[in-house]
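Quick notes on the structure that follows.
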Amino acid sequence: MDDSKNRLNEKKFGRRTFLKRFAQAAALSSAASATGCIGLIQNNEMLQLKWKEYFKKNYRLMTPQEKEETVERLERLAKIEKHMDIQMSSQNPINGVLFGYAFNLTRCEGFMECVTACVKENNLDRQSHTQYIRIFEMEPGGMSPETGNGKYFHEVPLDNHFYMGVQCFHCENAPCIRACPTKATWKEPDGIVVVDYDWCIGCRYCMAACPYYGRRFNWSASQVPYNEITKKQHYLGNRIRPKGTMEKCTFCVQRTRAGKLPACVEACPTGARIFGNLLDPDSEIRFVLKHKKVFRLKEDLATDPKFWYFID
Amino acid sequence: MLILFGFGMLWVTADVYTEQRNVLDQVKQSTIHRKDLNQNDFAQNLPRQAVKAEMKYQGGDFWTESRKDKVERYPCYTCHTNNPEKFKGAKEMVHGDILLDHGGADKPLSCATCHLKDNPHLFKTADTTNIDMDHSYDLCGQCHFRQKQDWIGGAHGKRVLNWAGKRVVKNCTSCHNPHSPLFQKRWPKTYSPPIDK
């Protein structure tokens, strides 16, 4: 609670100084345009963009045009501030698609290629070593990741052990969504639970509410080496998140809404990760649900995750 | 704080969470088929190296990664002619890199279990001969029936690139070395720091 208050104060304070600076800069830049100094004119444009950014709506309330303008603005800002050409999408969910995920406990060998692929694709903070996916090394019979070893580093697979990947489960009945006081997190029609990073106040209630440790709080904006940044981004996905916000797996919304597989699934060398459209009866995920004995974690909580485990 | 809070409440329409239905019930009632989705959205060229599988999966035709273009010594008939060069130790010299560890210690497979004796680029099973190297899943499937069924359905192996559009999957030998099919142990690609809650 204290934290959230602090953060709000910080934000208010931020706004006031920002307004002051804006006034100063506006005065400066009118002088600049008279002398035609390009640097300062760009500075002026940047301030205007930031001004609009600051007062934008929650993504869910934006009209299609506002979404379009917002992502264009962020592209332009990345160009001015970081000299980087990013492509940011605001692509909507596809009709008739509900994403689901299955994890084959028999196949996973603990190579962790999914984790590196996720870090790269989603521009995760390299400094704090943020990871959305965690792989637990489990003793036979153990069925709860709490009993596993999440910090192994030795040759894998270890004999007589199995590996269990955990990430955001995109629950149909997600406790994190209910916990959010600003409605900055919600479930999209294609089943992906997303965060509006600019609407998140960083109170971390959702993190406490998640029974699966699916959410990550960032203490700083992600630090990614310039040439490692994934430039194909989505507003609700892998864009560089502002400091002090909640982030997590988005089923790689920037990829999956374009028909591609999430980065973790594509990188998996063993085929332990299965992803697809739950509403398509012919999909691989439906095949698994039909023919394999599947289970979900903490099913008694009625969170209804769209992430199943199975053994074959 | 309060102001922001109230502001937040104003525009939010309360989500309804009373529904306790399982997502699977909902899913099973859906009648949407892959074909109903606008396939143009995923207009997808097949990867250059894909061949059409000889069977169908629940959703129709599918493709698998070709192998001939990846096998180093292909085509085999540059040496395996009607009149092969024969001298002592030739096999070790040429194929000495092949370590056969398949079938268990008590009943190991031999080259001729799979490869045709005179045409080793083709495979044989009890009831088929002349299986092409791109379709070696038919060979594996003779002895590994369950894995093949799962591979066709989508529970074993994996799709390449896309969940939507045309289905292209990895071939058995894209993942398994046919001669020693077990995955090798190796170091993980990274590690995880301790959880700080």
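Small disclaimer: the values here were computed from a predicted structure and weren't measured. Within every chain, numbering begins at 1; the chains are lettered A, B, ... in the order of the sequence lines, protein sequences first and strands thereafter.
When heavy atoms are compared at a cutoff of 4.5 Å, A:A267 approaches chain B solely by way of its backbone atoms N, CA, C and O. For chain B, the nearby parts of A:D159 are the backbone and the side chain; heavy atoms of each come within less than 4.5 Å. Residue A:P262: no heavy atom, backbone or side chain, is found under 4.5 Å from chain B. The contact between A:K306 and chain B is made entirely by side chain atoms (from C-beta outward), counting heavy-atom distances below 4.5 Å. Residue A:I285: no heavy atom, backbone or side chain, is found under 4.5 Å from chain B. Heavy atoms closer than 4.5 Å to chain B are found in the side chain of A:I274, but not in its backbone. At a 4.5 Å heavy-atom cutoff, the contact between A:K292 and chain B is made by side-chain atoms alone. Heavy-atom distances place the backbone of A:S283, and not its side chain, under 4.5 Å from chain B. Proximity to chain A (any heavy atom under 4.5 Å) is shown, for B:H176, by neither the backbone nor the side chain. The contact between A:E109 and chain B is made entirely by side chain atoms (from C-beta outward), counting heavy-atom distances below 4.5 Å.
Judged by distance alone, the side chain of B:K158 and the main-chain N or O of A:E266 form a donor-acceptor pair under 3.5 Å. A donor-acceptor pair under 3.5 Å is absent between the side-chain atoms of B:K189 and the main chain of A:T116, judged by distance alone. Formation of a donor-acceptor pair under 3.5 Å by the B:W163 side chain with backbone atoms of A:K260 is found in this model.
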- Message: I'd like to know whether A:R286 forms a side chain to side chain contact (heavy atoms under 4.5 Å, CB included) with B:V27, so could you lay out the CA-CA distance, the side-chain angles of the two residues, the decisive distance to 0.1 Å, and finally the verdict.
- Response: CA-CA 9 Å; A:R286 285 290 291 277; B:V27 153; 3.4 Å; yes
- Check against side chain to side chain contact (heavy atoms under 4.5 Å, CB included), B:V23 and A:L98: CA-CA 10 Å; B:V23 61; A:L98 183 67; 4.0 Å; yes
- side chain to side chain contact (heavy atoms under 4.5 Å, CB included) between B:N22 and A:R296: does it pass, once the steps are laid out? CA-CA 12 Å; B:N22 187 305; A:R296 296 178 288 179; 2.9 Å; yes
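The number of heavy-atom neighbours closer than 6.0 Å to CG of B:D97, taken from other residues, nucleotides and ligands shown, is above 12.
Put simply, of B:A155, B:S174, B:S192, the one with the most heavy-atom pairs under 4.5 Å next to chain A is B:S192.
Looking at every heavy atom in both residues, B:Y191 comes nearest to A:Y152 through CB-O, 4.3 Å.
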